[in-house]
Amino acid sequence: MTHVDATAALPSLQDLLDPRHQADPYPLYSRWRTQAPLARLDEQLFVLTRYEDCAAVLRDGRFGHAETDDPRFAGRARPALEVLVDDDGRPVRGFLGLNPPSHTRLRSLVSQAFTRRRVELLAPRIEELTAELFTAMERAPEPVDLIEGLATPLPVAVISELLGVPDADRHRMLMWSHAVARALVPDFLLPPGAAEQEAQARREFTDYLRELVVERRRAPGDDLLSALVGVHDGGDTLTENELLATCTLLLIAGHETTVNLIGNGTLALLRHPDQLERLRSDPDLTDNAVEELLRYDSPVQLTVRFALQDAEVAGVPVPAGSTLLLLVGAANRDPAAYEHPERLDLGRTPVRHLAFGQGIHFCLGAPLARLETRIALRTLLQRAPQLRLAGEPEWKDHITLRGLRRLPLSLG
């Protein structure tokens, strides 16, 4: 692979933030991938756009998250998902932002309470919630907004019930989550004022969760928070700070990406009526369809890794301390990895993608996101045979989490 340094002709970080690219960033990604598949924007910043390069970095232990006390990353990397500081003034992160061995320990403990079996047992309740929300949409005047009517309230309700958050508190939780999700945006791409809003939301949400933890310790229930409070492995347990950081991570991972997956996936199907009819006539294709929708318009468009030691990517030296911006959305449409990558093909096999990451940080909540999306799509197709767009979609301005603010539909 040829290493191409940035020039005036190349796309820039500002292009990623340009509102003109919100509705369709993929031509920009294609241009970047063609002109500079591995662009070095300065001495310590690389942008990767090819599937194999991004996948290799995600799997490589030489790349990880910036350590809080490592001077090489001072001023360049805010630790991912800091939700509070401990008694010594050190930030506490969710395991998403940790490297081994801390990541290994915490993920192992959390995974005991978040097993695939536990997720699958949620299917009847998710189907019930989806049916209730769809009925409410049917009774509402058209056009209805899929994001407001189904894509947002469904995963919010599911993760709230899973964590044991009372119904009355879900609206506040949703506002906190939107703000805290800014922690997934690299510092150098944050809009002005976003960091302050996120910090305030983190404090409020942490205070709220702390009260819930006290309640669950006193009176455990049949919910994930109670399970996390009681989880242990050979005498090892989650500290309160680790528990709070984990719950914040699960909140965001448990609904922010799923909202986007349901919305983006529905829009993609409506814009490809042949594939919509293909899925409607063959419901057994739904599992594969969800994977292709994840590839085609991924809810997560980029992620960041840091070189923890001197390394290389595709033969290009990457000095220790470097920042690597992985454009997942570009990688998922790399023509070197997929035949006709710009085409939505629900029968594509195998469907490999980076929407949930790879390696040790592969998304713990992937089974839940898949299950909710599968049920939501089946319900839409079964109960709205004349489903169609009823206006222009509106996109959020979040550079990392790509999703719709509004998707107006006619249910027919």
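Starting from 1, each residue takes its place in the sequence as its number. Just so it is clear, the model here is predicted, and its values are computed rather than measured.
No side-chain donor-acceptor contact under 3.5 Å links Asn264 to the backbone of Leu261. Side chain of Ser298 to main chain of Gly329: no donor-acceptor pair is present (N/O by atom type, distance under 3.5 Å, no hydrogens or angles). A donor-acceptor pair under 3.5 Å is formed between the side chain of Asn260 and the backbone N or O of Arg402. In terms of modelled atom types and a separation under 3.5 Å, the side chain of Thr246 and the main chain of Glu242 share a donor-acceptor contact. Judged by distance alone, the side chain of Glu142 and the main-chain N or O of Ser410 form no donor-acceptor pair under 3.5 Å. Panel note: side chain Asp145, backbone Leu407; a donor-acceptor pair is recorded below 3.5 Å. Of the possible polar contacts, one joining the His398 side chain to the Thr400 backbone as a donor-acceptor pair under 3.5 Å is found. The backbone N or O of Gly221 lies less than 3.5 Å from a partner atom in the side chain of Ser226, making a donor-acceptor pair. Under a 3.5 Å cut-off, the side chain of Thr130 and the backbone N or O of Ile126 do form a donor-acceptor pair. No side-chain donor-acceptor contact under 3.5 Å links Thr104 to the backbone of Pro100.
A salt bridge links Arg370 with Glu291: the closest approach of a Lys/Arg side-chain nitrogen to an acidic carboxylate oxygen falls below 4.0 angstrom. Salt-bridge check for Glu52 with Arg352: passed, with a basic side-chain N closer than 4.0 Å to an acidic carboxylate O. Note on Asp60 versus Arg305: no salt bridge recorded, every NZ/NE/NH1/NH2 to OD/OE distance being 4.0 Å or above. With respect to Glu292 and Arg295, a salt bridge is recorded, a charged nitrogen being found less than 4.0 Å from a carboxylate O. For the pair Asp345 and Arg278, the salt-bridge criterion is met [side-chain N within less than 4.0 Å of a carboxylate O]. Ion pair Asp53/Arg50 flagged as a salt bridge, since at least one NZ, NE, NH1 or NH2 atom sits closer than 4.0 Å to an Asp/Glu carboxylate oxygen. Ion pair Glu312/Arg62 not flagged as a salt bridge, since none of the NZ, NE, NH1 or NH2 atoms sits closer than 4.0 Å to an Asp/Glu carboxylate oxygen. The existence of a salt bridge linking Glu392 and Arg406 is excluded, since no basic side-chain nitrogen approaches an acidic carboxylate oxygen closer than 4.0 Å. Salt bridge status for Arg125 with Glu161: present, with a side-chain N to carboxylate O gap under 4.0 Å.
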Inset, instruction - Report the C-alpha distance between Leu269 and Leu377 in whole Å, list the side-chain angles of each, state the deciding distance to 0.1 Å, and finish with yes or no for side-chain contact (heavy atoms from CB on, under 4.5 Å). - result: CA-CA 10 Å; Leu269 290 171; Leu377 290 178; 4.1 Å; yes
Inset, instruction - Assess whether salt bridge (Lys or Arg N to Asp or Glu O under 4.0 Å) is satisfied between Arg172 and Glu204, documenting all intermediate values. - result: CA-CA 10 Å; Arg172 286 195 299 161; Glu204 293 177 0; over 6 Å; no
Inset, instruction - Please test Arg40 against Ser322 for side chain to side chain donor-acceptor pair (under 3.5 Å), starting from the C-alpha separation and ending with a verdict. - result: CA-CA 10 Å; Arg40 188 171 189 171; Ser322 297; 5.5 Å; no
Inset, instruction - Just do the side-chain contact (heavy atoms from CB on, under 4.5 Å) check on Leu404 and Leu267 with the steps written out, would you? - result: CA-CA 9 Å; Leu404 291 156; Leu267 178 60; 4.1 Å; yes
Inset, instruction - Could you please spell out the steps behind the side-chain contact (heavy atoms from CB on, under 4.5 Å) verdict for Leu276 and Leu381? - result: CA-CA 8 Å; Leu276 178 64; Leu381 269 58; 3.9 Å; yes
Inset, instruction - Please report the C-alpha distance between Arg280 and Glu277 in whole Å, then the side-chain angles of each, then the deciding distance to 0.1 Å, and finally whether the salt bridge (Lys or Arg N to Asp or Glu O under 4.0 Å) criterion is met. - result: CA-CA 5 Å; Arg280 197 189 300 276; Glu277 289 308 311; 3.4 Å; yes
Inset, instruction - Before giving the answer on side-chain contact (heavy atoms from CB on, under 4.5 Å), spell out for Asp167 and Ser160 the whole-Å C-alpha distance, their side-chain angles and the decisive distance to 0.1 Å. - result: CA-CA 8 Å; Asp167 292 359; Ser160 295; over 6 Å; no
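In this structure, OG1 on Thr303 lies 6.5 Å from CG on Leu58, to the nearest 0.5 angstrom. If you take OG1 on Thr373 and CG on Leu294, they are separated by 7.0 Å, rounding to the nearest 0.5 Å. Atom-to-atom distance recorded for Cys54:SG and Gln358:CD is 10.0 Å, nearest 0.5 angstrom. Here CZ of Arg405 is found 11.0 Å from CD1 of Ile147. Values are rounded to the nearest 0.5 Å. We find the CG-CZ distance between Asp287 and Arg374 to be 4.5 Å, quoted to the nearest 0.5 Å. To the nearest 0.5 Å, atoms CG (Leu364) and CZ (Phe356) are separated by 11.5 Å.
Thr286 is not listed as a side-chain neighbour of Leu346, based on a closest heavy-atom distance of 4.5 Å or more. Residues Thr152 and Glu148 form no side-chain contact, since every pair of their non-hydrogen atoms from C-beta on lies 4.5 Å or further apart. Two residues are said to be in side-chain contact when any heavy atoms from C-beta on lie closer than 4.5 Å; Leu327 and Leu48 fail this criterion. Within the 4.5 Å cutoff, side-chain heavy atoms of Met173 are placed close to those of Val156. Using a 4.5 Å heavy-atom threshold, the side chains of Asp24 and Trp395 count as separate. Counting heavy atoms from C-beta outward, Leu325 and Leu302 have side chains that approach closer than 4.5 Å. Under the 4.5 Å side-chain criterion, counting only non-hydrogen atoms from C-beta, Leu41 is not in contact with Phe46. For the pair Pro220/Val229, no side-chain contact is recorded, criterion being any heavy-atom separation below 4.5 Å from C-beta on.
When all heavy atoms of Leu308 and Gly61 are compared, the closest pair comes out as CD1-O, 4.2 Å. In plain terms, the two heavy atoms of Leu293 and Ala268 that are nearest each other are CD2-CB, 3.9 Å. Closest approach of Ala331 and Tyr51 over heavy atoms only: O-CB, 3.5 Å. The two residues Pro299 and Thr257 have their closest heavy-atom pair at CB-O, 3.5 Å. Across all non-hydrogen atoms, the minimal contact from Val318 to Ala307 is CG1-CB, 4.0 Å. Shortest non-hydrogen contact noted between Gln301 and Asp297 is NE2-OD1, 4.2 Å.
Between the side chains of Gln44 and Thr323, not a single donor N or O lies within less than 3.5 Å of an accepting N or O. Side chain to side chain, Asp169 and Tyr208 meet the donor-acceptor criterion of an N or O pair below 3.5 Å.
Using a 30° and 60° split on the angle between ring planes, Tyr26 and Tyr29 fall in the perpendicular class, above 60°.
Aromatic ring centres of His103 and His361 lie closer together than 6.0 Å. Less than 6.0 angstrom separates the ring centroid of Tyr296 from the ring centroid of His272.
The number of heavy-atom neighbours closer than 6.0 Å to CG of Asp222, taken from other residues, nucleotides and ligands shown, is 12 or below.
Partners of Asp207 under the side-chain contact (heavy atoms from CB on, under 4.5 Å) rule, at least two apart in sequence or in another chain, are Arg210.
A side chain to side chain contact (heavy atoms under 4.5 Å, CB included) with Leu243 is found for one member of Val231, Leu106, Leu209, Val213 and no other, namely Val213.
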